[in-house]
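Note sheet for the following structure.
Heavy-atom basis, side chains included; hydrogens, waters and symmetry copies ignored. In each ligand, atom 1 is the first atom listed, and ligand 1 is the first ligand listed. If you read the sequence from its start, that first residue is 1, and numbering goes on from there. These numbers were taken from a predicted model, which means no experiment stands behind them.
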Amino acid sequence: MLFSELVEFYEKIEAISGRIEMTNLLVQLLGKTPPEIIDKVVYLTLGEVYPPFVGIELGVADRLALRAIKLASGMSEREVEKAYKELGDVGLVGERMLAKRSQVTLFMQQLTVQDVYSALERIAREMGEGAMEAKVQILSGLLASAQPKEAKYILRIVTGKMRLGIADMTILDALAILYGGGKEWRELFERAYNLTSDIGYVAKVAAMSRIEGLKQIKITVGRPIRPMLAERLASAEEILRKLGGKCMAEYKYDGERMQIHKKGDDVIIFSRRLENITSQYPDVVELVRNHVKADEAILECECVAIDPDTGDMLPFQELMHRKRKHEVHKAVEQYPVRIHFFDALYIDGRDLTLRPLEERRRALEQIIEEGERVKLSKAIITSDPGELERFFHEAIENGCEGLVVKSLGAEAIYRAGARGWLWIKYKRSYLSRLADTIDLVVVGGFYGRGKRSGLFGALLLSCYDDEQDVFKTVCKLGTGFTDEDLAKLRAMLEPYRLDRPHPRVVVGGIEADVWFVPRLVLEVLGDELTISPTHSAGLAVRFPRFTGRYRDDKRPEDATTLRELWDMYRSQLKKIEE
Ligand code: AMP
């Protein structure tokens with residue numbers, strides 16, 4: 001197939017905008033494309049050489065492309081620059097420059113799709129030292145044999161600016177019309193795409209072996225599955241009603257979603273957008289090797305940053321350190337993570353995507369060996385809105401965003417690539433930002449582990465309830481202490497140590513390892529105040545950290561009062577803007 005046929009089609013597409021018209025044109029194009037190269041035609045049309053999850057990109061910047069244009073056209077640098085300033089689009093610059101080129105190319109061979117694709121593939125695969133120069137050479141060679149219009153699209157593809165407005169879904173529509181012969185087959189095309197995330201591959205299977213071939217498409221370890229997404233509701237009652245009165249509710253961890261593919265010791269991690277992010281998480285690769293007891297598996301988890309000293313979850317932003325390529329190893333040390341598995345899509349030859357949630361969960365439980373850094377998502381099964389509500393607040397208090405509440409029915413399959421009502425997000429619609437520091441009283445302690453063994457890992461803090469003259473707990477504080485602080489605190493607290501809660505301390509759902517006479521007051525900074533089912537104050541400080549100030553000047557009765565906390569909670573309550 002000649003590349004000029006593709007170009008002719010691209011020119012037509014550029015001139016229209018309606019999706020139906022676009023689909024019809026695509027049907028014509030794909031219909032006359034030889035099956036053996038249909039995948040390549042699809043990738044090129046999307047401006048790619050491989051499906052995105054492969055992670056190999058053309059990586060040609062405009063500057064580099066302009067150099068290739070200069071070499072191929074024989075025009076001066078000044079002229080190329082001038083055209084670029086005027087047109088602002090390397091594609092159009094290439095088209096104009098090549099039209100003016102000095103050598104007459106009457107007997108030039110016409111480019112085939114295969115010629116263009118192979119050259120682009122070679123450009124994409126040039127990496128490392130000297131790669132830029134090599135890319136320019138290959139590109140200018142390709143442009144030298146191209147017609148001006150062909151150059152326009154080659155340049156747009158190579159610089160990542162194809163933008164014909166054709167999406168994967170439009171191609172799927174066209175394929176279904178071409179090879180499906182009816183609406184009823186559309187679902188099959190979609191499923192093939194959702195299981196492979198590779199529209200070129202689906203096109204090829206459809207073109208080569210039609211419906212029968214599509215039916216045979218199976219999950220493959222290494223090819224990401226398009227993720228299932230959640231709908232959203234704002235109350236426990238509504239959610240339960242929607243799910244038929246019973247549900248499985250899970251913590252909604254605030255981290256990065258991962259789809260993990262394991263085959264023996266080989267582990268690939270895909271992001272929610274199905275990019276290969278394995279290199280950012282060498283520690284997760286190791287955790288998967290050691291804690292997933294299956295030879296082959298495709299599992300989903302949420303990866304959260306944790307405070308290594310306390311095991312507490314940290315806000316999502318802490319994962320950003322993993323995005324800096326050269327600092328991953330440092331980040332692994334300084335910003336450790338924990339993974340929480342929530343779904344199993346495939347285990348040792350068994351496709352679980354069409355099995356109901358409870359069965360997938362059981363399968364997951366069988367192969368995950370939990371450890372400090374590897375957990376299953378915390379989950380309950382309930383039909384009680386009150387219980388669901390309490391679990392929701394507990395999740396937030398523990399650093400989560402809320403819950404993902406899931407359907408338990410027989411229809412509760414893993415709906416790859418779809419946002420639907422089988423999963424419902426339950427997030428807060430209000431939050432109460434803490435603007436100021438607060439002063440809290442130490443009433444309990446938790447033994448430290450690892451670096452903190454022999455010291456306290458965290459302290460249990462309370463506010464003062466001046467109406468009842470008691471102390472009510474509001475948070476566990478483990479962050480913000482220096483090594484010196486910890487040593488000092490051990491000594492400071494020793495004289496107040498008790499083996500049961502002090503009679504003036506009201507204990508909620510939290511069991512400390514040791515208890516103290518309420519005496520020491522610390523200054524604390526927190527992100528928010530949240531409703532708490534576990535702390536006796538009924539409120540909790542979320543993400544608390546010690547500011548470094550010991551409030552020796554304050555008596556415990558001078559600490560922030562319960563009433564003040566509730567006032568702060570109410571006055572700082574704001575609707576979450578999204
Ligand atoms: P959304 O992506 O907007 O549909 O919201 C659901 C997101 O919540 C998923 O993409 C996951 O990243 C995240 N998540 C956190 N915990 C869970 C869980 N237990 N089950 C499912 N998704 C979860």
Side-chain angles (χ1 to χ4, degrees), residues 53 194 197 224-234 236 239 242-243 247-261 269-275 277 280-281 284 298-306 312-320 322-323 337-346 352-353 355-365 368 370 373-382 388 391-408 412-429 542 576-578:
F53 67 80
N194 287 334
S197 311
I225 296 169
R226 297 187 67 237
M228 174 165 179
L229 303 173
E231 282 290 351
R232 173 173 194 161
L233 284 174
I239 292 174
K242 190 86 190 174
L243 295 178
C247 67
M248 177 143 107
E250 298 179 25
Y251 273 18
K252 184 177 195 303
Y253 298 92
D254 190 9
E256 176 158 25
R257 183 178 191 159
M258 291 181 165
Q259 190 177 96
I260 294 188
H261 289 232
I269 307 171
F270 293 109
S271 71
R272 179 191 149 127
R273 292 166 53 200
L274 307 183
E275 292 149 337
I277 51 168
Q280 294 169 21
Y281 293 99
V284 173
I298 301 177
L299 309 174
E300 281 195 323
C301 68
E302 190 83 3
C303 173
V304 290
I306 55 165
D312 288 347
M313 287 189 261
L314 297 175
F316 164 74
Q317 291 78 351
E318 299 288 337
L319 289 177
M320 289 306 132
R322 300 293 179 121
K323 310 287 163 200
V337 296
R338 185 165 61 219
I339 48 177
H340 293 263
F341 283 100
F342 60 80
D343 221 320
L345 315 191
Y346 176 88
L352 297 167
T353 55
R355 310 305 308 163
L357 176 64
E358 273 179 294
E359 188 180 330
R360 301 202 305 278
R361 177 86 187 185
R362 270 199 303 277
L364 189 61
E365 283 166 0
I368 298 296
E370 285 191 304
R373 297 285 166 90
V374 178
K375 305 268 180 213
L376 288 160
S377 60
K378 191 156 183 202
I380 57 167
I381 289 181
T382 185
L388 190 56
F391 194 55
F392 168 70
H393 290 301
E394 181 195 304
I396 289 170
E397 188 183 321
N398 285 321
C400 290
E401 280 188 291
L403 303 175
V404 183
V405 191
K406 301 179 179 180
S407 166
L408 281 176
I413 58 166
Y414 186 91
R415 292 206 44 207
R419 188 180 293 286
W421 293 102
L422 294 174
W423 285 8
I424 303 176
K425 281 182 274 196
Y426 183 20
K427 298 213 282 188
R428 289 166 304 162
S429 39
R542 196 162 178 256
I576 293 177
E577 286 168 25
E578 278 182 300

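R273 CZ to R257 CZ: the interatomic distance, rounded to the nearest 0.5 Å, is 14.0 Å. Between the CZ atom of R361 and the CG atom of L376 there is a distance of 5.0 Å, given to the nearest 0.5 Å.
The closest approach between a heavy atom of K406 and any atom of ligand 1 is below 4.0 Å. The shortest separation from a heavy atom of E256 to ligand 1 is not under 4.0 Å, leaving the residue out of contact.
For V404, every heavy-atom contact with ligand 1 shorter than 4.0 Å involves the side chain, none the backbone. At a 4.0 Å heavy-atom cut-off, ligand 1 does not touch H340 at all.
Closest of all the heavy-atom pairs between L274 and P227 is CD2-CD, 4.0 Å. Nearest heavy-atom pair, V374 versus R338, reported as atom, atom and distance to 0.1 Å: N-CG, 4.2 Å.
For the ring pair (Phe, Tyr, Trp, His ring centres under 6.0 Å) with Y251, the qualifying choice from F342, F392, F391 is F391, the only one to do so.
Atom numbering of ligand 1 starts at 1 in the shown order; those under 4.0 Å from a heavy atom of Y251 are 16 (N), 17 (C), 18 (C), 19 (N). Applying the 4.0 Å criterion to heavy atoms of Y253 picks out, from ligand 1, the atoms 15 (C), 16 (N). Close approach of ligand 1 to A230 is summarised as follows: ligand atoms under 4.0 Å from at least one heavy atom of the residue are 4 (O). Heavy-atom proximity to E250, at under 4.0 Å, picks out these atoms of ligand 1: 18 (C), 19 (N), 20 (N). If you number the atoms of ligand 1 from 1 as listed, the ones under 4.0 Å from a heavy atom of W423 come out as 21 (C).
Y414 and D343 share no side-chain donor-acceptor pair at under 3.5 Å.
Within the 4.5 Å cutoff, side-chain heavy atoms of I225 are placed close to those of Q259. The closest side-chain heavy-atom distance from Y253 to K378 is below 4.5 Å.
At the shortest separation from atom 8 (O) of ligand 1 among protein heavy atoms lies K252 NZ, 3.2 Å. Distance from atom 1 (P) of ligand 1 to its nearest protein heavy atom, with residue and atom name: R272 NH1, 3.3 Å.
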